[in-house]
*Asks:* 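If you scroll down you'll find the structure; I have some questions about it.
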Amino acid sequence: MGLRVYLIIRPVFIVTLFFVFGLPAPAQALSDADWLYAVDRPVAAQSNEERDRVAQEGLLVVLSRLTGLASVPRTPAIVAALAQPQNYYNRFVFFTSRDASGEPQTHIRITFQSNVMLQLVKAANLPVWWSKRPNVLAWMVVDDGFRREILASSSPHPLVAELRKYAADRGVKLTLPLLDLDDSLAVSPADVWGKVTASLEQAAARYDADLVLIGRLSQDQTFDGEFYRGDWEIWLEGQPLAANFTTPDLAEAARGGIDMLTERLAEKYAVLPRAQRAQRIYISGLSDVLGYAELMTYLSSLEFVDGLDVEAIDDRRLSISLVSRAEPEQLLALLTAQGKLREDLLVRGFEMQLIWQG
C-alpha cells in the first residue's frame, strides 16, 4: 500500500489570546519539540470516519502535551474545538507499518497547527507548558524471577512500547539506552536495581540527557496471569521523587513513572493564567545587527512572551519592555533555561540584566 499524504490549506482563525505563568524552571538544556503537534494512531481503514475519530483523539493528545494536564477539562472552547477538529490540523497521512507480531497495520498521522493550537489553549484559559522539553533517559530493569535485565531501546519487552507511547502522549522526550558494549561496561542490572545514581548519570552523558528516570519492575505469575510491582525514581534539583506500583496492567505500570515525571516537569515549566504585566529587561552582548535580529526572533518565539517593545539602545545594550504574565523570578528562570540568555551577575539593579549568548 503506498504512502498517501494530504495537505489541507485552511484560513487563519482569530481566537482571543490569554497568557499564563507558573513556577521557576531549572536551567537545563532543552530540545525543540515540533513532534508535540503530530499524533500517530492505528486505524481500521483509510476512511473519513477513521480520520475524524483520530482527529478528535489527537486534538486532546496535543492539548495534554501543551498543557501538562493528564485530563483536559471540557471548557466551552475545547468542546467547540472537538466538534470541528479539522480546523486545527493542516496535514494527515495514511501509512502502513508492521505491528509487534509482524502483521501489517494501517496508521494515520495527523499534524496539528502549532499557532492555532496555542491560541486554543490560551482561549480555553488552560496552562501552557513551554514546548522546549528536557531530554529524559530511562534506565529500567526487569526481574522475571530468574534474572534481571536492563531494557534497551531495541528490547521486545512490551514495557518498552508502553513507555514510549505514553511518554509521547504526555509530551515527554524519552530515550532508552542502546545497551551496546559501552553501556554494558558502564552500567549493570545491579546498578539500576540498586539505584546507583552516580554510575547511571555518568553513563547517561553520552545520550545528552538532562534527566535520568530509574525504574524497577518485578514480574510475578499468578493464576490470573502476569502481575507487576516495582517503583520509579527521578532526581530533580537534588531531590528524589518516587512512585510505587502494584498492578496486573503493564500499561498502568508505565503510566506511573511517566505521570510522576510529567507532573513535576509541568509544575516547573507550565505557566498559569494570571494578570499580564510589562517588565523592563536589559540585554548586553550584542555585537552587530545580525545578533540583534536573532535575539528579537528568539524572544518573539517564546510562548510566555506576549509582547516586546525596544525602549533604548545604549552602548550595545538593549532596554526592552517585555510583556508577560510571568512574575520576575519565573521570567528570569524561563529566559535563561535554554542557555541563549544568561544572567549578568556583575550588574545589580531592580531590572533584569541579561547577556545574549546566541
Side-chain angles (χ1 to χ4, degrees), residues 6 8-23 33-43 47-92 107-133 165-173 251 255 258-259 261-276 301-306 324-326 334:
Y6 304 83
I8 303 170
I9 307 301
R10 303 197 183 284
V12 176
F13 290 83
I14 300 175
V15 183
T16 303
L17 295 180
F18 294 85
F19 236 79
V20 292
F21 85 95
L23 298 174
D34 291 339
W35 59 272
L36 291 173
Y37 298 94
V39 176
D40 289 2
R41 288 293 186 268
V43 292
S47 65
N48 292 337
E49 292 76 15
E50 285 289 81
R51 183 195 64 196
D52 292 342
R53 176 186 65 81
V54 174
Q56 281 192 329
E57 180 183 344
L59 185 74
L60 290 173
V61 168
V62 173
L63 287 171
S64 179
R65 292 170 178 172
L66 297 181
T67 63
L69 300 174
S71 178
V72 178
R74 302 306 196 266
T75 66
I78 300 302
V79 171
L82 288 171
Q84 299 290 333
Q86 68 275 10
N87 291 339
Y88 295 88
Y89 66 86
N90 61 355
R91 184 175 184 267
F92 67 92
H107 288 251
I108 186 173
R109 178 182 298 120
I110 298 181
T111 303
F112 291 82
Q113 302 176 83
S114 59
N115 59 332
V116 178
M117 289 299 298
L118 285 170
Q119 289 174 2
L120 174 60
V121 169
K122 296 167 188 176
N125 213 26
L126 298 177
V128 175
W129 182 8
W130 190 21
S131 60
K132 307 298 182 182
R133 306 290 166 92
K165 179 183 182 301
Y166 196 63
D169 282 356
R170 291 302 310 273
V172 173
K173 189 177 177 64
R255 285 195 296 269
I258 300 302
D259 282 340
L261 171 63
T262 303
E263 289 168 8
R264 183 56 173 161
L265 290 177
E267 179 185 346
K268 286 294 183 180
Y269 287 99
V271 291
L272 305 173
R274 297 186 183 178
Q276 189 180 90
S301 72
L302 301 175
E303 293 98 332
F304 52 87
V305 174
D306 198 29
S324 175
R325 296 186 187 252
L334 290 174

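Hydrogens, waters and symmetry mates are skipped; everything else that's a heavy atom, side chains included, is used.
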*Asks:* Would you be so kind as to tabulate the donor-acceptor pairs closer than 3.5 Å made by side chains of residues 59-68, with sequence neighbours excluded?
*Replies:*
unit_1, atom_1, unit_2, atom_2, d
Ser64, OG, Leu69, O, 2.6
Arg65, NE, Ala168, O, 2.7
Arg65, NH1, Trp35, O, 3.2
Arg65, NH1, Leu36, O, 2.8
Arg65, NH1, Ala38, O, 2.8
Arg65, NH2, Ala168, O, 3.3
Thr67, OG1, Leu63, O, 2.8
Thr67, OG1, Leu69, N, 3.2

*Asks:* Supply the atom-to-atom distance Lys173 NZ to Leu265 CG, rounded to the nearest 0.5 angstrom.
*Replies:* 14.0 Å
*Asks:* When rounded to the nearest 0.5 angstrom, what is the spacing between CG in Leu120 and OH in Tyr88?
*Replies:* 5.0 Å
*Asks:* Under the side-chain contact (heavy atoms from CB on, under 4.5 Å) rule, what do Asp259 and Arg170 come out as? Steps first, then yes or no, please.
*Replies:* CA-CA 8 Å; Asp259 282 340; Arg170 291 302 310 273; 2.5 Å; yes
*Asks:* Got Leu126 and Val72 here, is their nearest side-chain heavy-atom distance under 4.5 Å?
*Replies:* yes
*Asks:* Salt-bridged, Asp169 to Arg41, with N to O below 4.0 Å?
*Replies:* yes
*Asks:* Given side-chain contact (heavy atoms from CB on, under 4.5 Å), test Ile110 with Val54 step by step and report yes or no.
*Replies:* CA-CA 8 Å; Ile110 298 181; Val54 174; 4.0 Å; yes
*Asks:* So, applying side chain to side chain donor-acceptor pair (under 3.5 Å) with Arg53, which one of Gln56, Glu49, Glu50 is it?
*Replies:* Glu50
*Asks:* Step by step, would you call Val128 with Lys122 a side-chain contact (heavy atoms from CB on, under 4.5 Å)?
*Replies:* CA-CA 8 Å; Val128 175; Lys122 296 167 188 176; 4.2 Å; yes
*Asks:* The criterion is ring pair (Phe, Tyr, Trp, His ring centres under 6.0 Å); which residues satisfy it with Phe112, sequence neighbours excluded?
*Replies:* Tyr89
*Asks:* Taking all heavy atoms of Thr262 and all of Trp129, pick out the closest pair and write down the distance.
*Replies:* CG2-CZ3, 3.7 Å
*Asks:* Rounded to the nearest 0.5 Å, what separation is found between the OH atom of Tyr37 and the CG atom of Asn90?
*Replies:* 12.5 Å
*Asks:* Could you measure the distance from the CZ atom of Phe304 to the OH atom of Tyr269? Nearest 0.5 Å is fine.
*Replies:* 11.0 Å
*Asks:* At what distance, to the nearest 0.5 angstrom, does NZ of Lys268 lie from CD of Glu263?
*Replies:* 14.5 Å
*Asks:* I need the Lys132 NZ to Leu302 CG distance, nearest 0.5 Å.
*Replies:* 8.0 Å
